[in-house]
S.K.: 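Submitted below is the structure of interest, expressed as structure tokens.
We're numbering straight along the sequence, starting at 1.
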Amino acid sequence: PVEIEMHPALISNSSPAAKKGEPLKDHKDILDFAGKCQQLQDETVCQMPHAHSSLHKVTLADRKKERETRLFKAIERVQEVKEKRVLEILAKEPELRRLERRECAYQEYLHNSMPTKKAMLAKIQKSKRCKVTEDDVDLLPWMHGNLVVDRAAMK
């Protein structure tokens, strides 16, 4: 048998065994006790204002609305983070693009047997298929006199 100790607030309207302070053993006593507990809980919930009550029951519709609001805010935060990342990449892009163009110009320089700057500009102007521009050639680290590119600076 299960023994249940009675709360003092429930002793007043309970069975004779409970009034004497004895543990509940009878099935009927246990059901009576459970009913009194539920009744006391209902009275307590009705007396407490809902704003301060931790027992306030939230309807399913309210919970769905709160969940949708939280989800919407989370999606907004994720979008903001993505936008920041894109802006950071775009801020770095001109430098990356410049380095890429310089590397491409250096490859063209090596492909054309390391010509002088003047000869390389002439070859670029004549070639229609070359994707290197005159500005890209200017990005190369030419040594004094524009005769040779500084290989150490390219590494």
S.K.: Closest heavy-atom contact between Val137 and Ala105?
M.R.: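 The pair with the smallest heavy-atom distance is N-CB, 4.3 Å.
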S.K.: Quick one: hydrophobic cluster around Leu71, which other residues, with the 4.5 Å side-chain cut-off, linked directly or via members?
M.R.: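 Ile75, all in the cluster of Leu71.
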S.K.: Say you draw a straight line from CG of Leu121 to CD of Glu134; how long is it, rounded to the nearest 0.5 Å?
M.R.: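 Rounded to the nearest 0.5 Å, the CG-CD separation comes out at 5.5 Å.
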S.K.: Would a single hydrophobic cluster contain both Leu139 and Ile124, if residues Ile, Leu, Val, Met, Phe, Trp and Tyr are joined by side-chain heavy-atom contacts under 4.5 Å?
M.R.: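 Looking at the clustering, Leu139 is in a separate group from Ile124.
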S.K.: Tell me, which pairs form a ring pair (Phe, Tyr, Trp, His ring centres under 6.0 Å) where one or both residues lie in residues 63-103, sequence neighbours left out?
M.R.: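 Sorted result for residues 63-103: empty, none.
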S.K.: Just grab all the side chain to side chain donor-acceptor pair (under 3.5 Å) pairs involving residues 59-86, residues at least two apart or on different chains.
M.R.: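 Sorted pair list: Thr59-Asp62.
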S.K.: Using the side chain to side chain contact (heavy atoms under 4.5 Å, CB included) rule, take Val149 and Met143 through it: C-alpha gap first, then chi angles, then the decisive distance, then the call.
M.R.: CA-CA 6 Å; Val149 171; Met143 296 181 81; over 6 Å; no
S.K.: Rounded to the nearest 0.5 Å, what separation is found between the OG atom of Ser127 and the CD atom of Glu108?
M.R.: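 Ser127 OG to Glu108 CD: 7.0 Å, rounded to 0.5 Å.
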S.K.: Which residues pass the side chain to side chain contact (heavy atoms under 4.5 Å, CB included) test with Ala119, not counting sequence neighbours?
M.R.: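 Ala119 satisfies side chain to side chain contact (heavy atoms under 4.5 Å, CB included) with Pro115, Thr116 only.
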S.K.: For Met114, give me all partners under side chain to side chain contact (heavy atoms under 4.5 Å, CB included), at least two apart in sequence or on another chain.
M.R.: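 Here the qualifying residues are Tyr109, Leu110, Arg151.
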S.K.: Return a table of donor-acceptor pairs under 3.5 angstrom between the side chains of residues 97-104 and protein atoms on other chains or two or more places apart.
M.R.:
{"residue": "Arg97", "atom": "NH1", "partner": "Glu100", "partner atom": "OE2", "Å": "3.4"}
{"residue": "Arg98", "atom": "NH2", "partner": "Glu95", "partner atom": "OE2", "Å": "3.1"}
{"residue": "Arg101", "atom": "NE", "partner": "Asp136", "partner atom": "OD1", "Å": "2.5"}
{"residue": "Arg101", "atom": "NH2", "partner": "Asp136", "partner atom": "OD1", "Å": "2.9"}
{"residue": "Arg102", "atom": "NH2", "partner": "Ala153", "partner atom": "O", "Å": "2.9"}
{"residue": "Glu103", "atom": "OE2", "partner": "Gln107", "partner atom": "NE2", "Å": "2.9"}

S.K.: Quick one: pull up NZ in Lys123 and OG in Ser113 and give me the separation to the nearest 0.5 Å.
M.R.: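 Going from the NZ atom of Lys123 to the OG atom of Ser113 covers 6.0 Å.
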S.K.: Going through the checks in order, is the side chain to side chain contact (heavy atoms under 4.5 Å, CB included) test met by Leu147 and Trp142?
M.R.: CA-CA 7 Å; Leu147 298 174; Trp142 292 97; over 6 Å; no
